Amino acid sequence: MDKNIIKTVIGSLHKEISDTRLVHRPMTFEGNVCYVLVGIRRAGKSYLMMQDIKQRIEKGEMSLEDCLYINFEDERLDGIQASELNLLIDCYQEMFGNKKPWVYLDEIQNIAGWEKFVRRLADQKYRVMVTGSNARMLSKEVATTLGGRYIVREVYPFSYTEYLTYHDIHLQPNWEYNPETRLEVIRRFDDYFYQGGFAEMFPIVGKREWINSLYQKILLGDIVARHAIRGDRTIRLLARKVAENVMQPTSLSRFMHIIKSSGESISIPTLKDYLQYMEENYLTFSLLNYASPISEQETIKKRYYMDNGLLNNFLYKGETKLLENLCAIHLLKKYSNTDEPQLFFYNRNVEVDFYVPQERMAIQASFDINDPETQEREVSALAALNKAFPLQQALIITRDTEMQIERDGLNIEVIPIWKWLTR
């Protein structure tokens, strides 16, 4: 790799950092800790890197020249090998003097064997932050190589509160009692509900085209190309069927039957691989049935998309699916910060959409419960679960309905999703 190319990249990215306008996201990083940021493409990992750089410059902890920021999706770095990565340090020191920079390495999963380099930097007391769009970065092999020297943070598309902040709507305590603020929160919700939380897309008029382009990049670039899948028709069909079956506990055998009935051939091992690839690249995620024995939990899962915009790419009048999918995303962000799963669905005699045993909390997602049969179905399921596992909190998330329901000693809060998301 030509050193002059690397130096040009370093200089141009310094200018990009200076020119980037940021809306603060509520994630902070300690100055003496190394981090790995992972998540779906365009979720804002690079954004958080730049936020960390700018905040440290503002606090006087570093200057722009103290920062070595490299984006490995820059085509000028195509072909760089892991054995050449130390050239980044050499080039930086030739440009700015013999000192240790704060090192930021973006989308580093593109470089095979990157782990040993960043481990060595940590061993040499560099402060390092790396990002990637593939959950294989968190595999046991990588974790072993990094030797516990890095803290892993998962990054998601913007929450609804962050979306409102982006649009200069800052929620104060008791905001729901301010008619103007309440109206604005409700008015803004539809765009977020249907188009999702990718901040890069917010100012774009052609949002649908942008989202479809991102989907194609993840599916074809990150999954099909990287795993050398011959022909993409089957995995495209699978991605669509996962979207159509959001809300429904679905078995591997059912997916296989659906795909075969469409004229495609697939084996169970290949099907499992494809579903795993989709989760590894943060396109989808899945929940286990709390009521199933551990030996059976992998058999039937509920699967969701990581962003409503990606899910809506497949749907027509899919409001019911979008509401439950958005609930799942919101809960995942809150309860995915441990090695052991905390968020489940419950399906034994009754079905409850979300169950968090540690919190003794159960949630039903229902777009509209004004129909008496729908309301009875949602309420009775929560009441039945409460008899088996006493609950401290029971919720029904709706599009607009708000009320309190009492059933068999259980208080059930019915709350609009736009209000629940801002808690």
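Only heavy atoms go into these numbers, but all of them, side chains included; no hydrogens, no water, no symmetry mates. Predicted model, so just to flag it, every value in this text is computed and none were measured.
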The residue among Y192, F158, F189 that forms ring pair (Phe, Tyr, Trp, His ring centres under 6.0 Å) with Y163 is Y192

Any side-chain donor near an acceptor of the partner, Q51 and R56, under 3.5 Å:
no

Answer yes or no: is there an ion pair linking D190 with R399, defined by an N-O contact shorter than 4.0 Å?
yes

With sequence neighbours excluded, give me every side-chain hydrogen bond (donor to acceptor under 3.5 Å, both in side chains) pair touching residues 26-40.
none

Could you check whether D66 pairs with K99 (Lys NZ or Arg NE/NH1/NH2 to Asp/Glu carboxylate O, under 4.0 Å)?
yes

For the ring pair F354 and F344, is the centre-to-centre distance below 6.0 Å?
no

With sequence neighbours left out, the residues meeting ring pair (Phe, Tyr, Trp, His ring centres under 6.0 Å) with Y215 are F314

I'd like to know if the side chain of T20 and the backbone of E16 have a donor-acceptor N/O pair within less than 3.5 Å.
yes

Does the gap between the ring centers of Y305 and F285 come in under 6.0 Å?
no

The complete set of side-chain hydrogen bond (donor to acceptor under 3.5 Å, both in side chains) pairs with one or both residues in residues 318-327, sequence neighbours excluded, reads Y194-E319, K302-E324, Y304-E324, N308-N325

Quick one: which residue pairs count as a ring pair (Phe, Tyr, Trp, His ring centres under 6.0 Å) with a foot in residues 222-258, not counting sequence neighbours?
H227-Y277

Ring pair (Phe, Tyr, Trp, His ring centres under 6.0 Å) partners for W114, two or more places apart
none

All pairs passing ring pair (Phe, Tyr, Trp, His ring centres under 6.0 Å) where residues 62-93 contributes a residue, at least two apart
Y92-F96

Is there a side chain to side chain contact (heavy atoms under 4.5 Å, CB included) between Y126 and R120? Walk through the geometry before answering.
CA-CA 9 Å; Y126 284 84; R120 178 163 58 82; over 6 Å; no

How about W175 and H170: are their ring centroids closer than 6.0 Å?
no

Just by modelled atom types, is the G39 backbone N or O under 3.5 Å from a matching donor or acceptor in the K45 side chain?
yes

Look at R127 together with D52 and state whether they make a salt bridge at an N to O cut-off of under 4.0 Å.
yes

Just by distance, no angles: are the side chains of E154 and Y282 close enough, under 3.5 Å, to form a donor-acceptor pair?
yes

